[in-house]
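The next block holds one structure in the form of structure tokens; read it before the comments.
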Amino acid sequence: MQPEEEIFKQRKEKLLRLREEEGYDPYRIEKWERTDMLDRIRKEFDHLAPDETDASVHLRSAGRVMTLRKHGKAMFANLQDETDTLQLYFQFDKMGEAEYGFVKKWVDTGDWIGVEGHPFRTQRGELTILVTKCTLLSKALRTMPDKWGGLTDTEVRYRQRYLDLIVHPDVRNVFRKRSAIISSVRKTLEDAGTLEVETPILSVLAGGANARPFKTFHNALGLDMYLRIATELHLKRLVVGMFGRVYEIGRNFRNEGIDTMHNPEFTAMEVYWAYADVEDMMRLTEDIIRNAADAVGGRHVTYQGVELDIESPFRRATMLDLVREKTGIDFAAVSTDDEARAIARARGMEIKGTESRFAIMNAMFEAHVEDTLIQPTFVLGHPTEISPLAKRNPDNQDYTRRFELFICGREVANAFSELNDPLDQRVRFEDQLKKKESGDEEAHVFDEDFINAIETGLPPTGGLGVGIDRLVMFLTDSRSIRDVILFPTMRPKE
RNA sequence: GAGCCGUUAGCUCAGCUGGUAGAGCACCGGACUUUUAAUCCGGGUGUCGUGGGUUCGAUCCCCGCACGGCUCACCA
């Protein structure tokens with residue numbers, strides 16, 4: 001047994017004394033009629049002059065006591081609610097002995113209280129609630145983090161996010177913005193007549209992306225099941241099923257590393273529009289990002305000190321051109337895999353001897369180009385080999401009608417004209433199967449039912465996926481994905 | 001997965017060449033009717049992440065482990 005921490009013990013004993021001596025149990029309170037939030041009070045009574053009280057107004061507010069300054073027969077406190085922090089003034093004369101004495105004796109920092117009173121500005125000019133009545137709504141048995149040192153231990157901030165949120169209004173603000181961004185994405189899509197749908201998170205096949213899934217087991221079915229790594233294959237089935245425009249915003253799960261850009265569960269938006277192509281998806285992507293920026297403070301976006309221009313049409317460049325630009329190698333002129341491997345070896349890349357020229361080009365793109373794409377850039381025309389669900393470019397079958405959007409060197413969106421040729425789709429899956437069999441754990445799974453759906457007829461369709469967490473990161477200037485996920489995945493302590 | 005750094009009171013941190021720990025805030029008791037990092041008086045509440053080793057003696061030196069952060073690799 002660990003010794004009980006002293007402060008917790010004292011607070012707990014105080015609670016027991018409160019129950020015994022006053023017959024008052026703060027945890028029995030169920031409801032408090034709050035009519036006035038603190039930000040509104042601050043705005044509405046801004047006109048009060050120093051030392052002025054508006055006794056005609058009766059306020060009812062509530063919140064958490066963040067600081068307490070006791071002065072004998074008067075007390076000041078700072079009350080924090082979800083909107084703001086406002087000073088409270090308790091006066092012996094105004095409240096009466098019993099009421100004042102109760103507050104002074106029993107209310108501590110961290111406690112939740114409901115207050116009634118009048119708007120008032122102190123001589124020093126601070127807008128304050130002159131409290132006439134105070135109700136203890138709930139007690140805190142644990143102390144708040146340091147009132148000006150704050151909470152800097154990132155581990156505690158992520159593991160005990162509630163503490164982080166209590167003391168850091170700016171952290172709360174990031175998550176308000178996250179919500180506004182997601183609302184904005186929904187609105188953009190719904191204004192375009194797109195239906196929000198929900199597809200399985202738990203399924204027998206986790207397809208639609210290159211990633212290792214989380215595996216679980218369904219007892220009643222006696223079946224291995226997987227958490228989805230993408231929503232793509234289900235959403236396209238719905239386009240087959242006569243929903244012209246569908247989207248889903250939801251969690252994907254990928255059993256991979258954790259770092260500042262990756263969390264094992266992350267939020268993605270995928271949208272599919274019948275009769276649309278990759279060009280439409282570029283326009284949609286720009287609309288989604290601009291509208292989301294508008295929703296959280298405008299289009300002047302600065303990320304980690306870099307000004308991002310999201311107002312101008314995003315740059316468009318093919319992967320072939322970008323690789324040529326950065327490495328001097330023109331893969332359009334490389335016609336055999338051997339030739340590509342020789343070039344790669346000459347450049348010091350580790351080559352196993354099985355890589356295709358397309359895989360090598362992609363590796364060079366990742367190594368030499370990605371990091372340089374700071375301003376929003378649509379990278380177009382990925383090789384067919386690495387794009388098993390995208391329509392081929394009719395002018396060159398080795399490449400697809402696809403784009404990825406990069407911002408600050410990071411992929412934010414991925415889109416293509418969807419492959420709707422069921423014969424080709426089968427060939428692509430077979431190719432993925434070969435990769436899987438030769439040890440590529442992240443190769444796509446073969447989904448026979450999906451092919452069946454495509455065989456039933458998928459109209460020409462444009463599809464887009466957006467990494468919502470990353471979008472939120474850019475629009476809130478957050479350095480780590482963990483700063484935009486309320487409860488990021490953490491290894492259990494001990 | 002690799003490298004580097006960190007882990008001391010509820011919070012933020014200090015702790016010298018090895019001699020069993022300290023500050024501010026918080027907390028507890030008291031004073032105080034306009035404070036706002038309130039002030040004044042009194043009180044230290046800690047298995048110094050964990051397990052070993054070296055040593056007469058370890059928060060400190062050495063090794064392992066755990067957790068976290070950063071960088072790199074892979075992935076969105």
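Just so we're on the same page: letters track the sequence lines, and every chain starts at 1.
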Which whole-number value in Å describes the distance from [X] [atom1] to [N] [atom2]?
X         : N      : atom1 : atom2 : result
Lys139(A) : C27(B) : NZ    : C1'   : 12 Å
Gln123(A) : U36(B) : CD    : C1'   : 14 Å
Met75(A)  : U34(B) : CE    : P     : 13 Å
Asn263(A) : G68(B) : CG    : P     : 12 Å
Lys14(A)  : G10(B) : NZ    : C1'   : 16 Å
Glu126(A) : U36(B) : CD    : C1'   : 6 Å
Asn255(A) : C74(B) : CG    : P     : 18 Å
Glu370(A) : C74(B) : CD    : C1'   : 11 Å

Check whether any side-chain nitrogen or oxygen of [X] sits under 4.0 Å from OP1 or OP2 of [N], and answer yes or no.
X         : N      : result
Arg491(A) : G68(B) : yes
Arg142(A) : G10(B) : no
Thr109(A) : C27(B) : yes
Arg482(A) : G69(B) : yes
Arg69(A)  : U34(B) : no

Measuring from atom CD1 of Ile485(A) to atom CG of Asp469(A), what distance do you get when rounded to the nearest 0.5 angstrom?
4.5 Å

By ring-ring contact (aromatic ring centres under 6.0 Å, His included) - contacts of Phe175(A) (at least two apart)
none

Taking ring-ring contact (aromatic ring centres under 6.0 Å, His included) as the test, write out the residues that go with Tyr226(A), two or more places apart.
none

With a non-hydrogen cut-off below 4.0 angstrom, is [X] in contact with a base, only sugar-phosphate, or nothing?
X         : value
Arg479(A) : sugar-phosphate
Asp93(A)  : base
Thr260(A) : sugar-phosphate
Glu441(A) : nothing
Arg212(A) : nothing

How are the rings of Phe446(A) and Phe429(A) set to each other: parallel, tilted or perpendicular (split at 30° and 60°)?
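Because their plane-to-plane angle lies in the 30° to 60° range, the rings of Phe446(A) and Phe429(A) count as tilted.
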
Tell me whether the rings of His58(A) and His118(A) are parallel (<30°), tilted (30 to 60°) or perpendicular (>60°).
perpendicular

What integer number of Å spans the [atom1] atoms of [N] and [M]?
N      : M      : atom1 : answer
G42(B) : C4(B)  : C1'   : 47 Å
G6(B)  : C13(B) : C1'   : 13 Å
G15(B) : U20(B) : C1'   : 14 Å
A66(B) : C11(B) : C1'   : 23 Å
C70(B) : A21(B) : P     : 35 Å
U55(B) : G18(B) : P     : 16 Å
C72(B) : G10(B) : C1'   : 37 Å
C65(B) : G1(B)  : P     : 12 Å

Look through every strand shown and name the nucleotide pairing with [N] as Watson-Crick or G-U wobble, where both distances are under 3.5 Å.
N      : answer
A9(B)  : none
C4(B)  : G69(B)
C61(B) : G53(B)
C32(B) : none

Sequence-distant partners of Arg19(A), side-chain contact (heavy atoms from CB on, under 4.5 Å), two or more places apart
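Listed in chain order: Leu15(A), Leu16(A), Asp25(A), Tyr27(A).
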
Under the side chain to side chain donor-acceptor pair (under 3.5 Å) definition, can you give me all pairs with a residue in residues 473-483 of chain A, not counting sequence neighbours?
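Only Tyr158(A)-Asp483(A), Gln304(A)-Asp477(A), Thr476(A)-Ser478(A) qualify under side chain to side chain donor-acceptor pair (under 3.5 Å).
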
Exactly one candidate in Trp273(A), Tyr272(A), Tyr247(A) meets side-chain hydrogen bond (donor to acceptor under 3.5 Å, both in side chains) with Thr194(A); the answer is Trp273(A)

Any side-chain heavy-atom pair of Trp106(A) and Arg17(A) under 4.5 Å
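Trp106(A) reaches Arg17(A) side chain to side chain.
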
Measure centre to centre between the rings of Phe365(A) and Phe406(A), then say whether the value is under 6.0 Å.
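Yes: the rings meet the under 6.0 Å criterion.
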
Do Thr122(A) and U35(B) share a donor-acceptor pair, side chain to base, under 3.5 Å?
yes

I'd like to know if Gln91(A) reaches the base of U34(B) with its side chain, counting only an N/O donor and acceptor under 3.5 Å.
no

Output one line per pair: protein atom, nucleotide atom from nucleotides 11-13 of chain B, and distance, for all N/O pairs under 3.5 Å.
unit_1: C11(B); atom_1: O2'; unit_2: Asp146(A); atom_2: N; d: 3.2
unit_1: C11(B); atom_1: O2'; unit_2: Gly150(A); atom_2: O; d: 2.7
unit_1: C11(B); atom_1: O2; unit_2: Asp146(A); atom_2: OD2; d: 3.0
unit_1: U12(B); atom_1: OP1; unit_2: Thr152(A); atom_2: N; d: 3.2
unit_1: U12(B); atom_1: OP1; unit_2: Asp153(A); atom_2: N; d: 3.1
unit_1: U12(B); atom_1: O3'; unit_2: Thr152(A); atom_2: OG1; d: 3.3

Residue whose closest nucleotide on RNA chain B lies nearer the 5' end, Asn362(A) versus Thr489(A)
Thr489(A)

Quick check: on RNA chain B, is the nucleotide nearest Glu442(A) upstream (toward 5') of the one nearest Met490(A), or the reverse? Name the residue that is more 5'.
Met490(A)

Using the rule salt bridge (Lys or Arg N to Asp or Glu O under 4.0 Å), only one of Glu418(A), Glu270(A), Glu248(A) pairs with Lys236(A); which is it?
Glu418(A)

Between Asp447(A) and Arg237(A), does any NZ, NE, NH1 or NH2 come within less than 4.0 Å of an OD or OE carboxylate oxygen?
yes

In 5'-to-3' order, the base (B), backbone-only (S) or no-contact (-) status of each nucleotide in nucleotides 39-44 of chain B, using a 4.0 angstrom heavy-atom cut-off, is ------

Among U33(B), U71(B), U34(B), which is the nearest nucleotide to the side chain of Ala74(A)?
U33(B)

